[in-house]
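To start, the structure under review is shown below, and the notes come after it.
Below, chains carry the letters A, B, ... as their sequence lines are ordered, and counting in each starts from 1. As a basis for the values below, the full set of heavy atoms in this structure was taken, side chains included, without hydrogen atoms, waters or symmetry mates.
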Amino acid sequence: MGIDKDKELSGNGPNGNEERGGERGLDFIRQMVADDVQSGKWGGRVATRFPPEPNGYLHIGHAKSICLNYGIAAEFGGEFNLRFDDTNPEKEEQEYVDSIIEDVRWLGAKWDDRLFYGSDYFGRMYEYAIELIRKGKAYVCDLNGDQVREYRGTLTQPGREKSLYRNRTVEENLELFERMRKGEFPDGAKTLRAKIDMAHPNLNMRDPIMYRIVHETHHRQGDKWCIYPMYDWAHGFEDSIERITHSICTLEFENHRPLYDWFIDAVNDGRTDDGSGPWGKKIHHPQQIEFARLSLTYTVMSKRKLLKLVKENLVRSWDDPRMPTISGMRRRGYSPSAMWSFAKVIRVNKFNSTVDIALLEHCLREDLNKTSPRVMAVLKPLKVIIDNYPEGKVEELDAINNPEDPSAGTRKVPFSRELYIEQEDFMEEPPKKFFRLAPGREVRLRYAYFITCTDVVKDAGGNVVELHCLYDPATRGGDAPDGRKVKATLHWVSAPRALKAEVRLYDNLFTKPDPEDVPEGQDFTANLNPNSLEIVADCRVEPSVAGAAPLTRYQFERLGYFCVDPDSTAGKLVFNRTVTLKDTWAKIQQSQQQG
RNA sequence: UGGGGAAUAGUGUAAUGGUAGCACAAAUGACUCUGGAUCAUUUAGUCAAGGUUCGAAUCCUUGUUCCCCAGCCA
């Protein structure tokens, strides 16, 4: 078995159901791209990228960005690059690189042979830095961290223009920068800074740091470098080198755009279109565009918070099915196409908003309903004995695999004298609107027979432990020849033939829509939902699922969507509940309890 | 009290000077061998005040509210 990669994305995904030019209009980014293609900017070429820093696992917010960037490339016939923005050796690890590659691939974004690392461009960035020094646009600064902050000024006060180091000669700067690169100075001793304007109203423009000294082994470059470029200095060149046309990032980088442009313009200053002159040919200047990052109710999205949940063992791991990480959602049972349709319905904008998790779950159900094979499983078993059914007899009854997809066919399900049904499907004293099994009441067992409850067996504590029923042989398959109706259809499994399984039920990780809504002095972990995981150890599943591979998805009829967890062993299946079915009865019950 | 952004039903969004639509959520009903799915119906909105215009969510003015920026993180 296993997951068919092509099937995962069929009918949906980046190339399915496009609405470009359709009745709904383009989002503002696609509109810009369309305009640029129309006007012939960059020769009509479109190139996007997804540029994660490998310092954590990807989450659903990154999925939004991947869908945006890859989606645009696919829709406009452009190229999409996967690029690691690995400019800080202190936070980055190979483990994160590997997980990111796996996640982006799973989502279905295709980068072909264009997997890049920002750190592979360090040599060229170094050359650009020397060029800026030669042009008098950059200098080596000896200020320490505190002094840098002090000299920068504040939001309302300009920085100090007068710095001892700002007026160093080109020769001195060249020599010092070379010595920085050679490792002659300790961490923090010197920086290379751009000479812009210490009184600029945008703090980012007050002589931003281009390089800092970090004596640390880089996960990819090893000890080749001890000076590392800052984001602002590095990112534009990464985009430029890869000839990205539309550099899409999140809103908080809006203030950085002037700097993004300044650095590339600074290199281009003195360069020419044909490469004549001392500085050579102009380099490519991409367009930075910002959009709002995703927030979801009942969860947290920042890497810092997700890391805390993992490090403090508040969840099992990065891929805990309760996590909003792509790996967690994959393990939970999410499909790539559900992620794509979610990305499509939330669209992109320039203002912060919080999407209701119910919308995500709607997209999930919509996809799983169409694609998931149905099976019967009993989470909390209650033994049922059919007194008038022959002992030892087993019938193989036909069951439909997916009513939404006739091509999925049918399967055989064994029926026997002893069965299990769901404890919740029986009540000795049923309240109004409870249609399921009760003493003297007739219901249907799905695809099997009508049964009527005749006796209730209890233990010493008064708990119902066993039911005795009679079946009507004429209703085989589930229809009564005399046309009589029942109000409920129950799922069931054969007691001797069912498989044992463990099922893990998940609920929201947090009890409040906004986990940050906490009393003074507490943090978001105060809102952790103590019931976000319920392990049901002794479940029963119909035998057809035997040997199912990890991540195989099913609908357990009447219960929800479930998938096989990698913790499963040959002897014992473990399932994760991905999401419940919509449960009208639960709502009725709730309103009955409330009043 | 500097600079940069943004405001449309409960939520997410569309309408690019011309009927304020869609989806989710909620509610009601129909149908049903999943209280699922499906179908139908209902509730509910342009931040505020002025102005331009035959006509404004859209343009102008003023105000209000929210977000981002003072890492040698990204």
To the nearest angstrom, how far is A:Gln31 atom CD from B:A14 atom C1'? 13 Å
Do A:Arg160's NZ or CZ and the ring of A:Tyr151 fall within the cation-pi criteria of under 6.0 Å and 45°? yes
Under the rule for side-chain hydrogen bond (donor to acceptor under 3.5 Å, both in side chains), what residues qualify as partners of A:Glu424, not counting sequence neighbours? none
Would you mind reading off the distance between A:Ile289 atom CD1 and B:G5 atom C1', rounded to a whole angstrom? 15 Å
Please name all residues satisfying side-chain hydrogen bond (donor to acceptor under 3.5 Å, both in side chains) with A:Arg149, sequence neighbours left out, ordered by chain then number. A:Asp146
To the nearest Å, give me how far apart CG (A:Asn369) and C1' (B:G35) are. 15 Å
Just need the stems in RNA chain B: three or more back-to-back Watson-Crick or G-U pairs, each with both distances under 3.5 angstrom, sorted by first number. B:2-7 with B:64-69, B:10-13 with B:21-24, B:26-30 with B:38-42, B:47-51 with B:59-63
Could you check whether any side-chain heavy atom of A:Leu368 comes within less than 4.5 Å of a side-chain heavy atom of A:Gln555, counting everything from C-beta outward? no
Could you give the CG-to-P distance, from A:Asp197 to B:G3, as a whole number of Å? 14 Å
Protein N or O to nucleotides 41-43 of chain B N or O, pairs below 3.5 Å:
none

Between the base of B:G36 and the side chain of A:Glu404, is one N or O donor paired with an acceptor at under 3.5 angstrom? yes
So, does A:His218 use its side chain to make a donor-acceptor pair with the main chain of A:Asp86 at under 3.5 Å? yes
C1' atom, B:A23 versus B:A44: distance in rounded Å? 14 Å
In whole angstrom, what separates A:Leu360's CG from B:U11's P? 18 Å
Contact string for nucleotides 67-74 of chain B, one letter per nucleotide 5' to 3', B = base within protein heavy-atom range under 4.0 Å, S = sugar-phosphate only, - = neither, reads SBBBSBBB
Using the 3.5 Å cut-off, write out each protein N or O paired with an N or O of nucleotides 23-32 of chain B and the distance between them.
from, atom 1, to, atom 2, distance (Å)
B:A26, OP1, A:Lys587, NZ, 3.2

If we require ring centres under 5.5 Å and near-parallel planes under 30°, does A:Phe435 stack on B:G35? yes
For the pair made of CD in A:Glu361 and C1' in B:U11, what is the distance, rounded to whole Å? 14 Å
Would you say a side-chain N or O of A:Asn349 is under 4.0 Å from OP1 or OP2 of B:A14? yes
